[in-house]
Participant: 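Can you keep this structure in mind? I'll have questions shortly.
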Amino acid sequence: MSQYAPGGIEEKWYAAWEEAGLFGPDPDLEDEPFVIILPPPNVTGILHMGHCLGNSIQDTLIRWARMRGRPALWVPGTDHASIATEQVVSRQMAAEGLDKREVGRDAFLERAWVWKEQTHGRITQQIRRLGCSLDWSREAFTMDEARNRAVTEAFVRLKEKGLIYRDVYLVNWCPHDLTAISDDEVEYREVEGHLWHLKYPLADGSGHVTVATTRPETMFGDSAVAVHPNDPERKHLIGKMVKLPLTDREIPIIGDHHADPEKGTGFVKITPAHDPNDFEVGRRHDLEQVICMTPAGIMNEQVGSFAGLGRSECRKAVVEALEKDGLLDKTEKHVHQVGHHDRCGHIIEPYLSRQWFLKMEDLATPAVKAVAEGEIKLFPERWVGVYDNWMNNIRDWCISRQLWWGHRIPVWYCDDCSEEIAALAEPGKCPACGSGGLTQEEDVLDTWFSSWLWTFSTLGWPDETPDLKKFHPTTVLVTAPDIIFFWVARMIMASYEFKNEKPFAEVLFHGIVRDEEGRKMSKSLGNSPDPILIIDEYGSDALRCSLVMLTPTGQDIFFSETTLEVGRNFCNKIFQATKLVLGTWDEAGLPAGNPADMPPRTLEIATLGPAADWAERPAEMFTGLWAGIFGGNPPADLSDEDLRLEDRWILGRLMDTVSGCGANMEKRRLNDAAYGVFNFFRHEFCDWYLEAIKPRLRDEKERGPVLGVAVLGLAVSYKLLHPVMPFITEELWSWLPPSKGFLMNSSFPGFKGETPFAPERAAFEQVMEIVGAIRNLRNELGVQPGKRGRAILRVPSAGEASALEGALPLIALLAKMENAEVVVGGEDPSPAGAAVAGSVEIFLPMEGLVDLDKEKARLHKELAGIEGWMKGCRAKLSNEKFTGNAPDHVVQKQKDLLAENEAKAGKLKEMLDALG
RNA sequence: GGGCGAAUAGUUCAGUUGGCUAGAGCGCCUGCUUUACACGCAGGAAGUCGCAGGUUCGAGUCCUGCUUCGCCCA
């Protein structure tokens with residue numbers, strides 16, 4: 001086996017975790033709970049890339065919190081998605097030649113439930129494949145028994161409070177789905193249409209007025225023509241009558257500020273039953289509301305001979321008829337925004353009907369305050385403005401839908417006295433007249449009426465359950481910003497209304513997943529890959545890693561195969577590094593430690609001791625750290641001397657990484673947290689540390705202690721990566737001989753404070769710089785890789801020489817040189833390739849290999865660059881305004897840099913001289 | 001029409017409190033089958049930080065205006 005293959009491993013661990021009961025909150029933990037409620041996916045939908053991103057982020061957070069020792073709860077659930085599901089089921093029935101209205105409500109619902117049961121298994125299985133550590137024992141569905149109770153309770157309470165009312169109102173109506181929808185479900189799209197100028201003759205025969213309209217077919221519903229009351233040229237016509245063409249009706253000219261003298265012709269036809277603005281005008285002037293269409297958008301008996309035509313057919317026919325009568329003044333092309341139903345794409349018809357509404361203004365007040373005062377934090381913060389803007393202009397919410405799949409509104413009408421009763425359960429008789437003849441409201445509630453209760457309905461509300469007491473308010477909500485109004489804002493309002501507390505402490509908005517061309521992934525475009533196929537090919541860890549690591553907070557992400565390769569390649573890298581280290585462990589036959597010694601549940605590295613302790617007794621401190629991670633002792637006894645330069649450097653860097661990762665997790669910068677570990681592991685642990693210790697790993701006498709450091713490095717890396725890549729890290733953890741129990745509920749190490757081994761870290765960085773310079777030199781000069789040769793390092797003082805002495809074998813190893821030697825001062829070796837790394841001059845004396853002209857040109861170029869920079873720096877430092885105003889450390893830094901570069905320039909000049 | 005955001009290497013993006021000789025992934029170029037890994041390693045090229053002003057000793061970062069693109073709302 002040469003590459004990591006996730007197949008089988010992922011399923012194995014998911015089952016093991018579930019069986020071990022690790023997904024629920026640990027009841028023994030006393031810390032503050034960390035709670036996330038999963039935004040419920042549509043139960044009849046399938047998982048798409050957006051879910052993968054959101055779920056990966058949530059699982060990363062919840063796994064991190066769990067490993068930090070907090071009782072972590074992530075509640076799963078699905079949404080009944082009223083309209084979407086009703087559409088799917090209707091379509092299925094249509095394919096069988098059935099019509100839902102013919103089969104009736106009960107039969108339809110029965111079928112919808114069967115469908116729901118089928119698809120529910122699919123979507124939850126997909127979520128499992130992703131590795132989500134959800135507490136399945138608490139799974140909820142928006143239409144299950146418990147949630148139904150919550151919905152009914154909420155409705156009745158609001159009704160009793162007088163916040164729910166029923167009114168005849170112009171609503172957004174979908175003529176395709178035959179239901180009202182809320183304002184938020186209307187999607188405006190730019191459409192190329194026409195502006196028709198129609199002549200309406202004055203009834204007294206004294207001429208005509210011209211109105212401009214984009215919808216001539218609604219003229220049959222006109223009740224007036226409006227002009228602005230102050231319009232100097234037209235106001236004299238107010239009070240006159242016009243003859244409505246193609247009909248025998250006469251309508252008045254009225255004065256209303258809705259008509260803008262600057263726009264169009266200055267005259268506006270008023271159609272109260274078919275236009276929201278006209279509806280308001282109609283109310284102001286008590287105009288007749290003439291409905292000229294059926295709910296399906298077919299012209300009705302009001303339109304005379306045009307009856308029976310569809311909306312757009314009628315438009316054509318009306319225009320033709322008016323043209324024939326000489327009443328079409330002109331036609332202009334006109335681009336305008338037209339409302340479409342976001343679910344089915346059909347053009348919305350403003351339609352006059354009796355609907356249920358919820359008054360929003362009072363509900364909004366505490367919700368606005370909570371966000372404004374930081375009680376609820378939004379990440380990224382810029383969404384606060386968007387939220388405020390919507391909340392401060394909030395409009396009443398149309399909550400009734402003319403559908404069957406949903407929560408039937410808990411209102412009964414008395415057949416005898418028309419009393420209206422809202423109740424938790426069907427009342428036996430009418431409380432007003434005692435009649436037993438009661439009929440329940442036919443309409444169901446908007447889907448979001450159940451979702452907005454989600455943070456607390458999932459925890460048992462309206463009952464005061466232990467879960468509700470312990471886990472509400474929840475910690476963080478993770479969602480895409482496109483549902484900030486539909487859902488996020490409404491959840492905040494609901495929680496304050498029913499619980500008198502916030503629903504969550506923070507909201508983390510993530511971006512939208514787009515394809516390589518920047519298009520939103522959608523079913524209709526067919527550009528959304530099936531996540532399961534991706535997981536099959538690349539592994540869930542690779543997908544999660546790529547998504548989390550490459551997604552800056554709240555930014556949209558462009559998704560492609562290349563993106564996935566980053567994650568897949570990284571998985572392989574972790575696997576390969578583990579193989580290298582453990583291969584040596586096996587050869588060495590080291591003891592695994594006592595399985596009974598369990599490591600502590602939490603680990604704060606700083607509590608083991610300050611940086612000074614690490615400097616003074618590193619072996620003892622290391623042993624303490626080992627016990628904190630594995631329990632027990634390292635595989636081999638080790639003394640302070642066993643911890644070499646590279647060991648101390650990597651331990652210091654490991655702690656820096658722990659600290660940075662924790663800080664970024666706290667700030668919810670998940671990408672930075674993951675990326676930091678990625679960089680550490682790949683470019684420091686593998687590229688430098690493992691390369692540096694290879695000879696020691698092969699040396700039977702030396703490998704015991706160094707294996708301890710390497711295995712600890714692996715273990716800590718697994719821990720830091722586990723929240724993002726749970727499967728591979730759990731698998732490889734189980735391979736480490738000293739590991740015990742599940743990585744999933746082991747400790748996530750924390751570290752704050754001064755990182756130990758500052759001198760060793762600086763020394764190793766110097767090694768890296770020297771090695772880098774030698775490698776560069778070899779490459780630039782085209783030295784063959786097989787040619788090893790000597791490296792001469794010249795330093796100005798004996799002190800620096802002795803400091804470098806110990807690192808010479810390491811430098812030779814990493815730079816692939818035969819040997820490296822250090823000299824103090826003296827003549828430049830020549831001919832030689834030369835470079836400068838800090839105070840160290842590097843010479844590669846390679847007779848016959850170095851092209852003198854090439855080398856001189858190279859040095860000249862480097863020198864020119866440095867001199868250019870120094871000129872600028874000197875100018876800056878001689879500017880008194882700079883030295884006077886800038887903080888001391890900034891000035892000092894410039895001085896240091898200048899000195900450093902001056903020295904380097906001097907050395908480069910000498911080298912050039914030496915070359916002749 | 002109103003609001004929000006973005007503009008930095010070929011490309012996707014970092015750059016947090018103004019101190020930067022502006023970084024990373026992918027791509028590109030050169031070299032390497034080095035006993036974990038070619039899903040790899042080493043080295044390299046590549047930028048007028050959208051434009052124009054301003055504040056400041058100092059601006060990718062703050063302010064004003066403009067341009068282009070994206071999103072949301074009406």
Side-chain angles (χ1 to χ4, degrees), chain A residues 2-5 183-184 186-188 276-277 337 339 380 382-390 393 395 481-482 484-485 511-512 514 516 518 520 538 542 546 549-552 554-584 663-664 667 669 671-672 675 678-679 682-683 686-687 690-691 694 697-698 771-786 813-816 865-866 868-870 872-873 875-877 879-887 889-894 897-898 900-901:
Chain A
S2 60
Q3 286 168 350
Y4 176 66
D183 293 338
D184 311 278
V186 180
E187 192 177 286
Y188 289 89
N277 289 313
Q337 301 281 326
R382 64 188 149 90
W383 290 104
V384 172
V386 178
Y387 173 87
D388 278 343
N389 191 38
W390 187 75
N393 296 292
R395 299 195 296 178
D482 53 353
I484 184 170
F485 308 133
I512 292 162
R514 299 175 180 279
E516 279 166 280
K520 202 167 166 173
Y538 292 88
S546 292
M549 210 164 70
L550 302 174
T551 306
Q555 284 271 355
D556 285 1
I557 105 163
F558 293 87
F559 190 81
S560 67
E561 294 272 319
T562 323
T563 313
L564 288 166
E565 284 172 8
V566 175
R568 180 199 59 185
N569 296 356
F570 186 47
C571 286
N572 187 50
K573 191 75 180 175
I574 306 169
F575 170 74
Q576 297 296 346
T578 306
K579 251 180 26 181
L580 170 69
V581 174
L582 292 190
T584 314
N664 279 316
K667 282 189 277 183
R669 295 178 70 120
N671 58 322
D672 289 342
Y675 207 66
F678 174 89
N679 272 327
R682 184 169 270 261
H683 300 304
C686 290
D687 291 351
L690 291 184
E691 290 303 326
K694 272 180 178 171
L697 288 177
R698 292 184 195 122
V771 169
I774 297 175
R775 286 171 173 171
N776 172 275
L777 209 47
R778 293 182 58 128
N779 261 287
E780 294 266 309
L781 297 175
V783 178
Q784 284 169 341
L813 169 75
L814 294 168
K816 298 206 188 305
I866 292 176
W869 178 83
M870 286 196 300
C873 189
K876 197 186 231 180
L877 282 168
N879 180 350
E880 280 171 28
K881 286 180 177 170
F882 171 67
T883 49
N885 288 315
H889 74 272
V890 173
V891 177
Q892 192 55 47
K893 193 175 170 192
Q894 288 300 314
L897 279 171
L898 183 61
E900 201 176 289
N901 280 282

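In the text below, chain A, chain B and the rest are named by the order of the sequence lines, each starting its count at 1. Quantities reported herein were computed from a predicted structural model and do not represent experimental measurements.
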Participant: Mind checking the P distance from B:rC51 to B:rA7? Whole angstroms is fine.
Facilitator: 13 Å
Participant: B:rU34 P sits how many Å from A:R778 CZ, rounded?
Facilitator: 15 Å
Participant: Please test A:K573 against A:Q576 for side-chain hydrogen bond (donor to acceptor under 3.5 Å, both in side chains), starting from the C-alpha separation and ending with a verdict.
Facilitator: CA-CA 5 Å; A:K573 191 75 180 175; A:Q576 297 296 346; over 6 Å; no
Participant: Working to the nearest 0.5 Å, report the span between CH2 of A:W383 and CG of A:N389.
Facilitator: 12.0 Å
Participant: Provide the distance between the two C1' atoms, one in B:rG27 and one in B:rG1, to the nearest whole Å.
Facilitator: 43 Å
Participant: Rounded to the nearest 0.5 Å, what separation is found between the CG atom of A:N569 and the CZ atom of A:R682?
Facilitator: 6.5 Å
Participant: Between atom OH in A:Y387 and atom C1' in B:rG3, what is the gap in whole Å?
Facilitator: 17 Å
Participant: Between A:L877 (CG) and B:rG19 (P), how many Å, whole number?
Facilitator: 18 Å
Participant: With side chain to side chain contact (heavy atoms under 4.5 Å, CB included) as the test, would you mind laying out the steps for A:K694 and A:L580 before giving the verdict?
Facilitator: CA-CA 9 Å; A:K694 272 180 178 171; A:L580 170 69; 4.2 Å; yes
Participant: I want to verify a distance call: between B:rC57, B:rA14, B:rU34, whose nearest atom is closest to the A:R669 side chain?
Facilitator: B:rA14
Participant: Is A:R669 reaching over with its side chain to a backbone N or O of A:A663, donor-acceptor style, under 3.5 angstrom?
Facilitator: no
Participant: Hey, what do you get for CG (A:N776) to CG (A:L781), rounding to the nearest 0.5 Å?
Facilitator: 8.5 Å
Participant: In terms of side-chain heavy atoms of A:F485, which of B:rC73, B:rA36, B:rU21 is nearest?
Facilitator: B:rC73
Participant: To the nearest 0.5 Å, how far apart are NZ in A:K893 and CG in A:L898?
Facilitator: 14.0 Å
Participant: Starting from the C-alpha separation in whole Å, work towards a yes-or-no answer on side chain to side chain contact (heavy atoms under 4.5 Å, CB included) for A:L690 and A:V581.
Facilitator: CA-CA 9 Å; A:L690 291 184; A:V581 174; 3.9 Å; yes
Participant: Under 4.0 Å, counting only non-hydrogen atoms across every strand here, what does A:C571 touch: a base, just sugar-phosphate, or nothing?
Facilitator: nothing
Participant: Both distances under 3.5 Å, Watson-Crick or G-U wobble: on that basis, could you give the dot-bracket string for RNA chain B, with [ ] for crossing pairs and | for other-strand partners?
Facilitator: (((((((..((((.....[...)))).(((((.......))))).....(((((..]....)))))))))))).
Participant: A:Q3 side chain N/O closer than 4.0 Å to the phosphate oxygens (OP1, OP2) of B:rG40?
Facilitator: no
Participant: Out of B:rC57, B:rC39, B:rU16, which nucleotide sits closest to the side chain of A:N572?
Facilitator: B:rC39
Participant: Rounded to the nearest 0.5 Å, what separation is found between the CD atom of A:E565 and the OG1 atom of A:T563?
Facilitator: 9.0 Å
Participant: How far, in whole Å, is B:rG58 from B:rA22 if one measures between their C1' atoms?
Facilitator: 15 Å
Participant: For B:rA36, does OP1 or OP2 lie under 4.0 Å from any side-chain N or O of A:K694?
Facilitator: yes
Participant: With P as the reference atom in both, quote the distance from B:rU61 to B:rG18 in angstrom, rounded to an integer.
Facilitator: 12 Å
Participant: Can you tell me whether the side chain of A:N885 and the base of B:rU56 have a donor-acceptor pair closer than 3.5 Å?
Facilitator: no
Participant: Where the side chain of A:W869 is defined as all heavy atoms beyond and including C-beta, which of B:rA36, B:rU21, B:rU16 is the nearest nucleotide?
Facilitator: B:rU21
Participant: Between A:E691 and A:D687, which is nearer to the 5' end of RNA chain B once each is assigned its nearest nucleotide?
Facilitator: A:E691
Participant: Would you kindly give the CG-to-P distance between A:N277 and B:rG1, to the nearest whole Å?
Facilitator: 17 Å
Participant: Rounded off to whole Å, could you give me the CZ-to-P distance for the A:F575 and B:rC37 pair?
Facilitator: 10 Å
Participant: If you look at every strand shown and take non-hydrogen atoms under 4.0 Å, does A:I866 touch a base, only sugar-phosphate, or nothing?
Facilitator: nothing
Participant: Taking the C1' atom of each, how far is B:rU8 from B:rC69, in whole Å?
Facilitator: 16 Å
Participant: Quick check: does any side chain N or O of A:S546 sit under 3.5 Å from a backbone N or O of A:G567, one acting as donor and the other as acceptor?
Facilitator: yes
Participant: Using the P atom as the reference point in each nucleotide, state the distance between B:rG53 and B:rC71 in Å, no decimals.
Facilitator: 32 Å
Participant: Just compare B:rC57, B:rC4, B:rA36 and give me whichever is closest to any side-chain atom of A:Q576.
Facilitator: B:rA36
Participant: If we take the P atom in both B:rU64 and B:rG5, what is their distance in whole Å?
Facilitator: 12 Å
Participant: Any idea which of B:rA36, B:rU21, B:rC20 is nearest the A:K893 side chain?
Facilitator: B:rC20
Participant: What's touching nucleotides 25-31 of chain B from the protein side, N or O pairs under 3.5 Å?
Facilitator:
unit_1	atom_1	unit_2	atom_2	d
B:rG25	O4'	A:Y675	OH	3.3

Participant: Suppose you measure atom C1' in B:rA24 against the same atom in B:rU55; what distance do you get, rounded to whole Å?
Facilitator: 32 Å
Participant: Output the distance between atom CD1 (A:I484) and atom CH2 (A:W390), rounded to the nearest 0.5 Å.
Facilitator: 9.5 Å
Participant: Among B:rA36, B:rC39, B:rG19, which is the nearest nucleotide to the side chain of A:A886?
Facilitator: B:rG19
Participant: In whole angstrom, what separates A:L897's CG from B:rC20's P?
Facilitator: 9 Å
Participant: If I take atom CZ in residue A:R568 and atom C1' in nucleotide B:rA38, what distance separates them, rounded to the nearest angstrom?
Facilitator: 11 Å
Participant: Kindly say if A:R382 contacts the phosphate of B:rA6, meaning a side-chain N or O under 4.0 Å from OP1 or OP2.
Facilitator: no
Participant: Report yes if the ring of A:F882 lies under 5.5 Å from the six-membered base ring of B:rC57 with planes under 30°, and no otherwise.
Facilitator: no
Participant: Looking at A:K876, does any N or O in its side chain come under 4.0 Å of the phosphate oxygens OP1/OP2 on B:rG19?
Facilitator: no
Participant: So if I take every side-chain heavy atom of A:R775 and compare against B:rC72, B:rA36, B:rA42, which nucleotide ends up nearest?
Facilitator: B:rA42
Participant: Closest approach of A:F575 and A:S2, non-hydrogen atoms and distance?
Facilitator: CE2-O, 4.1 Å
Participant: I need the CE-P distance between A:M549 and B:rA14, as an integer number of Å.
Facilitator: 15 Å
Participant: 5'-most contact on RNA chain B: A:N389 or A:L580, nearest heavy atom basis?
Facilitator: A:N389
